Structure formats: structure tokens, C-alpha cells
There are 2 protein chains.
Amino acid sequence: MDVRTLCLGALMGGEATGYEIRKMFEDGPFSHFQIASLGSIYPALTKLTQDGLVTFVEHEQENRPDKKIYRLTSDGRQKFIRTLLQNRPAEDRYRSDILFTLTFAEELPIELTEALIDEFSVRYETMNNLIDPNNPDKDDCASGPGRDDDGNIKPGCKFVAGLGQAMCDATVKFIKDNKQDLIKDLKTFKSNKS
Amino acid sequence: MDVRTLCLGALMGGEATGYEIRKMFEDGPFSHFQIASLGSIYPALTKLTQDGLVTFVEHEQENRPDKKIYRLTSDGRQKFIRTLLQNRPAEDRYRSDILFTLTFAEELPIELTEALIDEFSVRYETMNNLIDPNNPDKDDCASGPGRDDDGNIKPGCKFVAGLGQAMCDATVKFIKDNKQDLIKDLKTFKSNKS
DNA sequence: AACGACTATATCAGTTCGATATATGCTGAA
DNA sequence: TTCAGCATATATCGAACTGATATAGTCGTT
């Protein structure tokens, strides 16, 4: 899904700055299943403004660029819903440098392999906490789309967050159950190659 | 990880054509945790050849471009191992159009939501079968890196495949356990908004 | 005091991808 | 029998995306 559509989605929950939209994707409600960087968010917002799908209000700031607060127009909201209804969603895409590296574990020092696996596990525990809708450390952007007026998480977001957490749990559990066997097998593999 | 490094990794198991390397990423051993397309594989192979990291032999073919079979040079193999040892692996990156769309489930017809969830589940069951090292339908490229000379899967690949399958299992299970609750909550949510 | 993170806007060089071009053979459905 | 889709091969390119950079202050930690 292109970044203009992602930005429209980000604004479905209310107004936001470009910086806030980026936060939604970096460690907010979209962080575990979409990616959008500043390098594409600002051009996308510019394009959406030109197309009449969003509008913005500017607030002067001292010593900083003026703050631009974007919101959807009626056309923008309709365009977004239409896009969700009509477009066939692309295949999921997953990239993992650690998993790629572990594919070649036999060529690596066992200490590095252990360190990579531990780093991988920590990252997924951290992500689990980030996803958790009940996480008290979470500072959801007020304009995030996932909560209704009473602050309750919406069913769709709850489902998606739950699924994200299930993936994280499974990852951490698999590592807990299988790391030592891997280390053992690697030692055997290496001694057989000597 | 850039596509040149991915190509070096792909050639760690032996010689391969550009087309075969693409297959390794599309539905072969790397398919569930890395992505590389023809648009970047061929330029990468050209660059690696210029840099002396790979070399190729050309076989004439009728009615087709001549087949180029690439293999690592000694420099190429060393460069690859050095890259794995020295580079800090980037954060995992996951993109899911379906999960993004489901975040806005409240705005969609319930039939579409159900269809998306079912599609998502089917994709992960399919991926599970694709990953399975014991899948008899799998036609691993002979030059894939994951097996030793006896055809046994290597420990690193086995671990990574197992983890991939655990993620798929968790996904399918979560959907099985939670889909009906989501549908019910959506119906409640929509009737409360009327 | 220094440094890193945060808050704001924006741009750009480099990288990547999906579509396209070329062209045949194979397979299955109509 | 015909046709469409897929497989097998090489390669290119326009469009999209990213990470670094620029600008510049504030805040908290070491």
C-alpha cells in the first residue's frame, strides 16, 4: 500500500502533524505491520493537499518551522474507504536481517549466533510491549485511529494488536524452546566438519 | 540488507542463474524472511561481477538469452562472511496490507472483513507449507544453501524454518480463536453507532 | 558541559521494485 | 483445437521509498 494511502489512514483518527504521522508508524498503532518514513510522508502530504484529499492549518512556532496540522477532507475520507474496498491487498512482506544471517549460522562463531538470537528475542519482547493496548507506558497519539471517543480500543485494532502479540509470543517461545538445540546441533555440525 | 549481499548469500550453496536466485527469494528457502526482485537481482549480479565477487559461465540456448550461471569467487565468499560478522543487522521490517485494512474494520462491510481474515489465514497456511523442510511438493533448488552434501537440512536453516512455521501456526491459531469474537464485536460496535 | 533524544519542517542521492521487453515450450481448461 | 497462464531465460526503467542530512531549539541524563 502506497504512502499516500497510509497517510490517509493515519488521519482517519483525527488531525495530526507529519511528525506525529511518522510516530504512528515508527512506534505507534501501525508500527508492527506498516512502514512509512519522513522521506515519503512529507511528499505524500504535499501531494494529498494538492489533490484536495487533506487540508492543513499552520501554527507559527519560534525557532522551528511552522507546525502544520493536517486533517482529512470529505473527499479524502471517501477516497480512503474506496481504496480499502476496491484494492486487492498485496502479499505481506517480511524482511529480517537476523533470520537471513542465522541461515548461515554454520559459518559464524557460536557466540555471535547466540548473541543474534538473544537480540532477536529481545526485539520481539519489546515489540510485544509496544503493541500491548494496555501498556501503561504507551503514549498513544491522541489522534491515533484505534480508539473510540470513550478511549476504548476499537474491535479491528484490538484484533490486529492481538494478532501481533500472538506472533511475538510465538517467536519468543520458539526461541526459548529451540535455542539450546540449535547451539548443540551447530557444535556437532562443526566437529563433524573438522 | 542490500540485494548484493542477499545474492552473495544465495550463492553460498553453489552456482545459480539470476532466475534461480529470484526463485530462492520468491518461494524458496529465503521466501519468508527476505525479498529480492529481478529488478535488483540482475543489476546486483552485474555489479558483483564487476567487483570480482562473483563470476559466471555462459551457456548458449536456442530462442532464449544465453544462460548465465553465477558462482562465488573466493573474495566473494570472504566478503559475505565478513559482512555477516561486522554489520549490525537492521530491525525487522513487516508490511501487511490486510492488517492495515483490518485496523479500519469498523468502516468496512462485515463480509469484506471476513473475506480478508480468511484470505490472511489461507496465505499463512500456504506459507507454512512452503517453509516446511519436509514438504514433498517442495522443489528446493539444488543450489539452495540450506542443505549439506547428504541432503540434510543444516541446523541454522532448520531453526529459521522452524521459527517461520511457529509464526505461521500462531497466526492461523489466533485467527481460529478470535475471528468470531471480532465479528461479534463489530456487529455490536455498528449497532451502537446507529 | 556534553550528548542523545525529542520536536518540527523539508529535500535528495541511492536503492528497490513491478512492469515491461523479448521469445519459446508446456500444461490445463474451454 | 485453441487459448491463456505459467515456466524459463536475460535485462531495463520509471516510479516509489528510504535514510541521511539540513535547520534549530529544549530537555534530561551522564
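Since this is a predicted model, take the numbers as computed values, not measurements. The sequence lines fix the lettering, A, B, ..., with proteins before strands; numbering per chain opens at 1.
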Separation of C/dT7 C1' from A/Asp27 CG (nearest whole Å):
13 Å
Does the distance from a Lys or Arg side-chain N to an Asp or Glu carboxylate O, for B/Asp177 and B/Lys173, drop under 4.0 Å?
yes
Within residues 46-59 of chain B, which residues have any heavy atom lying less than 4.0 Å from an atom of DNA chain D?
none
If you count heavy atoms of other groups shown closer than 6.0 angstrom to NZ of B/Lys179, is the number above 12?
yes
Between the CD atom in B/Glu114 and the CD atom in B/Gln180, the distance rounded to the nearest 0.5 Å is 6.5 Å
Check: B/Glu106 side chain, A/Gly156 main-chain N or O, donor-acceptor pair, under 3.5 Å:
yes
Of all pairs that satisfy salt bridge (charged side-chain N to carboxylate O under 4.0 Å, His left out), the ones with a partner from residues 180-191 of chain A, not counting sequence neighbours:
A/Asp181-A/Lys184
Rounded distance (Å) that lies between atom P of C/dG25 and atom CD of B/Glu62:
9 Å
Return the angle between end axes of the helix from C/dA1-D/dT30 to C/dA30-D/dT1, with five pairs used per end and rounding to 10°.
50°
What's the separation between atom NE2 in B/His32 and atom CG in B/Asn128, rounded to the nearest 0.5 Å?
10.0 Å
Any B/Ser40 side-chain N or O less than 4.0 Å from OP1/OP2 of C/dT16
no
Side-chain donor-acceptor pairs of residues 52-71 of chain A under 3.5 Å, sequence neighbours excluded:
unit_1  : atom_1 : unit_2  : atom_2 : d
A/Gln61 : NE2    : A/Pro65 : O      : 3.1
A/Arg71 : NH2    : A/Glu15 : OE1    : 2.8

So does A/Glu119 pair up with B/Arg88, basic N to acidic O under 4.0 Å?
yes
Sugar-phosphate atoms are those with a prime plus P, OP1 and OP2; base atoms are the rest. Using that split, label each nucleotide of nucleotides 3-10 of chain D B, S or - for protein heavy atoms under 4.0 Å, 5' to 3'.
----SBBB
From CZ of A/Arg4 across to P of D/dT18 the rounded distance in Å is 13 Å
CD1/A/Ile110 to CG/A/Leu182 distance, rounded to the nearest 0.5 angstrom?
8.5 Å
Name every residue in residues 75-98 of chain A that has at least one heavy atom under 4.0 Å from any atom of DNA chain D, in order of residue number, or write none if there are no such residues.
none
On DNA chain D, compare the nucleotides closest to A/Met1 and A/Asn63; which residue's is nearer the 5' end?
A/Met1
Could you check, using the six-membered ring where one of them is a Trp, whether B/Tyr94 and A/Phe33 have ring centers closer than 6.0 angstrom?
no
Distance (rounded to the nearest 0.5 Å) between A/Lys79 NZ and A/Leu84 CG:
11.0 Å
Expressed as a whole number of angstroms, how long is the span from A/Asp2:CG to C/dA19:P?
14 Å
Closest heavy-atom pair, B/Arg123 versus A/Ala90, reported as atoms and distance to 0.1 Å, is NH1-O, 2.9 Å
Which atoms form the tightest heavy-atom contact between B/Ala166 and A/Phe174, and what is the distance?
CB-CD1, 3.8 Å
